[in-house]
Every structure is written in structure tokens, then in C-alpha cells.
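This is a predicted model, so every value here is computed, not measured.
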Amino acid sequence: MNKYGAILDDFGLQPVLDEFMKAYIQPFSTFLYPVLGQDLDSHHGFVVEYELGKDTNLGFHVDDSEVTLNVCLGDVFTGGHLFFKGVRCDKHVHTAPAAGECFDLEHKVGMGVFHVGRHRHGANDLTSGHRINLIMWCRSSHQRQARSCGNCSCHSPCPEWCGLYSGPQHSQ
């Protein structure tokens with residue numbers, strides 16, 4: 001998705017990030033997101049850069065994670081606010097946001113943002129300067145297996161955490 005950055009595991013940081021996930025991200029994740037944030041057992045850690053003449057934004061997307069940590073490491077920059085548009089399951093990822101689901105967040109140096117991976121989001125245009133972010137996608141093989149119905153995920157009911165969940169589905 002980004003052209004500029006690096007995968008941290010490629011530099012031998014996997015053991016450090018594994019320990020960080022287990023010691024810090026897992027407890028917060030379980031507390032804040034008891035349905036999606038349990039049983040984290042793998043991660044994808046990387047840094048991305050935003051700068052004029054390079055990547056300046058990141059379009060609307062969901063992460064390949066159960067929970068994501070996004071820390072703004074620096075530099076001096078303007079613009080590049082994060083935007084969020086509600087949590088959705090696979091069936092509803094491209095639906096319109098409901099009232100109250102949309103918000104922008106100014107990402108400042110030293111600030112971390114922790115959210116469920118299915119929270120639809122992106123980064124608006126950087127207007128000046130240079131920004132570097134550390135991102136960890138934390139995953140749970142247990143959660144991923146539980147979401148799979150074995151045949152086709154499009155036939156499974158909408159999960160309770162989806163912003164369009166309308167209650168339990170009853171078969172006829």
C-alpha cells in the first residue's frame with residue numbers, strides 16, 4: 001500500500017515485536033476489544049514514510065489485523081490527519097458510514113493510535129514536511145478460524161462488532 005518504508009521483521013526485529021505484542025498490546029487488546037482482541041499470536045510490523053514527492057496519503061482501507069497499533073515517530077509535518085469511518089465485517093466493508101461513525105484525528109509525533117483492524121480508515125494528504133509511522137498489525141489465528149465458516153464467508157451472519165449488525169439471524 002505504501003511505496004516508502006520497511007518491514008521490521010526483515011531487520012531482525014521479530015523477537016522484540018513479539019515480546020512487545022505479548023507484554024503490552026495483548027492486555028490492552030483483550031481489555032478494550034474483548035471480542036476481536038483476544039489470542040493475538042502473530043504480527044506484521046513495519047514503518048511507512050510520507051513526504052511530498054513520495055507517498056503523501058493512504059486511501060480508505062481496513063487492515064489485515066485483529067488490532068492495529070499506529071505510532072507517529074516524527075518528523076515535522078502538516079496535514080496527514082487520519083480519518084475513520086466505522087467498523088465493518090467483510091460483507092459491509094464498502095457501505096456508507098452511519099451518523100457518528102466518521103471522525104478525523106490529528107496524528108502528532110509521539111502519539112499512538114490503537115484500533116480494531118476492521119475499523120475503516122485512511123490518511124489524508126500530507127501538506128508539508130516528513131512523517132514516519134511505526135505500525136503493528138496484530139493477528140489471532142483463533143479469531144480468523146472462528147470467522148471462517150468453511151465454505152464461503154459470505155453466508156455467515158454479520159458479527160456483533162460490525163457497525164451494521166442488526167441482531168441475531170434466525171434460520172427458517
Side-chain angles (χ1 to χ4, degrees), residues 1-3 5 7-9 14 17-18 20-48 50 55 57-72 80-107 111-125 133-172:
M1 291 173 50
N2 293 81
K3 296 177 191 162
I7 298 171
L8 297 174
D9 291 347
Q14 182 173 355
L17 295 178
D18 282 341
F20 183 76
M21 181 182 69
K22 289 174 189 171
Y24 299 101
I25 294 175
Q26 179 66 67
F28 283 114
S29 177
T30 300
F31 177 74
L32 293 173
Y33 310 116
V35 174
L36 288 174
Q38 297 180 21
D39 307 316
L40 301 177
D41 55 15
S42 67
H43 75 271
H44 177 59
F46 56 103
V47 292
V48 294
Y50 298 92
D55 289 334
N57 63 43
L58 186 58
F60 179 78
H61 67 282
V62 294
D63 296 339
D64 184 16
S65 68
E66 274 60 62
V67 295
T68 296
L69 175 65
N70 180 341
V71 180
C72 183
H81 292 31
L82 303 177
F83 63 86
F84 291 86
K85 296 190 176 193
V87 178
R88 295 289 188 276
C89 66
D90 288 341
K91 291 192 295 189
H92 298 118
V93 74
H94 295 293
T95 59
E101 286 188 312
C102 295
F103 62 93
D104 284 357
L105 182 66
E106 183 179 357
H107 211 184
M111 179 178 154
V113 178
F114 192 59
H115 63 87
V116 295
R118 302 303 303 177
H119 203 148
R120 303 172 312 160
H121 64 285
N124 291 314
D125 280 330
N133 289 63
L134 165 70
I135 299 169
M136 279 187 69
W137 289 351
C138 299
R139 300 171 175 143
S140 165
S141 55
H142 176 77
Q143 292 291 323
R144 288 164 182 251
Q145 185 177 19
R147 285 196 303 268
S148 170
C149 71
N151 294 324
C152 176
S153 63
C154 64
H155 295 300
S156 51
C158 181
E160 290 181 32
W161 50 261
C162 178
L164 295 182
Y165 176 73
S166 61
Q169 305 295 315
H170 300 285
S171 56
Q172 303 273 336

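Considering OH of Tyr50 and CG of Asn133, their distance stands at 6.0 Å, rounded to 0.5 Å. Of the inter-residue distances, the one linking Gln26 atom CD with Ser140 atom OG reads 8.0 Å to the nearest 0.5 angstrom. The structure places CZ of Phe83 at 7.0 Å from CZ of Phe60, a figure rounded to the nearest 0.5 Å. Atom CG of Asn70 and atom OG1 of Thr68 lie 8.0 Å apart (nearest 0.5 Å). Remark: Ile135 CD1 to Ile7 CD1 distance equals 12.0 Å, nearest 0.5 Å.
Across all their heavy atoms, Ala123 and Leu82 have their closest contact at CB-CD2, 4.0 Å. Residue Cys138 comes nearest to Ser65 through the heavy atom pair O-CB, 3.6 Å, listed as atom of the first residue, atom of the second, then distance. For the pair Cys158 and Tyr165, the tightest heavy-atom approach, listed with the atom from each and the gap, is O-CD1, 3.2 Å.
His81 has its side chain within reach of Glu106: a pair of non-hydrogen atoms, C-beta onward, lies under 4.5 Å apart. In this structure, the side chains of Asn57 and Asn124 stay at 4.5 Å or more apart for every pair of heavy atoms. Using a 4.5 Å cut-off on side-chain heavy atoms (C-beta onward), Tyr33 and Val87 make no contact. Looking only at side-chain heavy atoms (C-beta outward), Val93 and Arg118 come within less than 4.5 Å of each other. Residues Trp161 and Cys89 meet the side-chain proximity criterion, which asks for heavy atoms closer than 4.5 Å. Residues Leu134 and Leu8 have side chains in contact (heavy-atom distance under 4.5 Å, counting atoms from C-beta outward). A heavy-atom distance below 4.5 Å is not found between the side chains of Leu69 and Met21. Val113 places a side-chain heavy atom less than 4.5 Å from the side chain of His107.
Side-chain atoms of Asp55 come within 3.5 Å of backbone N or O of Lys3 as a donor-acceptor pair. Between the side chain of Arg139 and the backbone N or O of Asp64, at least one donor-acceptor pair lies under 3.5 Å. Using modelled atom types, one side-chain atom of Asp41 and one backbone atom of Ser141 make a donor-acceptor pair closer than 3.5 Å. In this structure a side-chain-to-backbone donor-acceptor pair under 3.5 Å is missing from Glu66 to Arg144. Within the 3.5 Å criterion, the main-chain N or O of Gly86 finds a donor-acceptor partner in the side chain of Arg120.
Test Glu101, His119, His94 against Arg88 for side-chain hydrogen bond (donor to acceptor under 3.5 Å, both in side chains) and you get one pass: Glu101. For the side-chain contact (heavy atoms from CB on, under 4.5 Å) criterion with Ser29, the lone passing option out of Asp39, Leu36, Val67 is Val67.
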Run the side chain to side chain contact (heavy atoms under 4.5 Å, CB included) check on Val35 and Glu160 step by step: do they pass? CA-CA 9 Å; Val35 174; Glu160 290 181 32; over 6 Å; no
Between His115 and Asp63, does the side chain to side chain contact (heavy atoms under 4.5 Å, CB included) criterion hold? Intermediate values first, please. CA-CA 10 Å; His115 63 87; Asp63 296 339; 3.3 Å; yes
His43 and Phe20: side chain to side chain contact (heavy atoms under 4.5 Å, CB included), yes or no, with the steps? CA-CA 10 Å; His43 75 271; Phe20 183 76; over 6 Å; no
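Annotation: Tyr24, atom OH; neighbour count of heavy atoms from other residues, nucleotides and ligands within 6.0 Å does not exceed 12. Counted within 6.0 Å of CZ on Phe103, heavy atoms from surrounding residues, nucleotides or ligands total more than 12; the atom is thus considered enclosed.
Taking the ring centroids of His61 and His121, they lie under the 6.0 Å cut-off.
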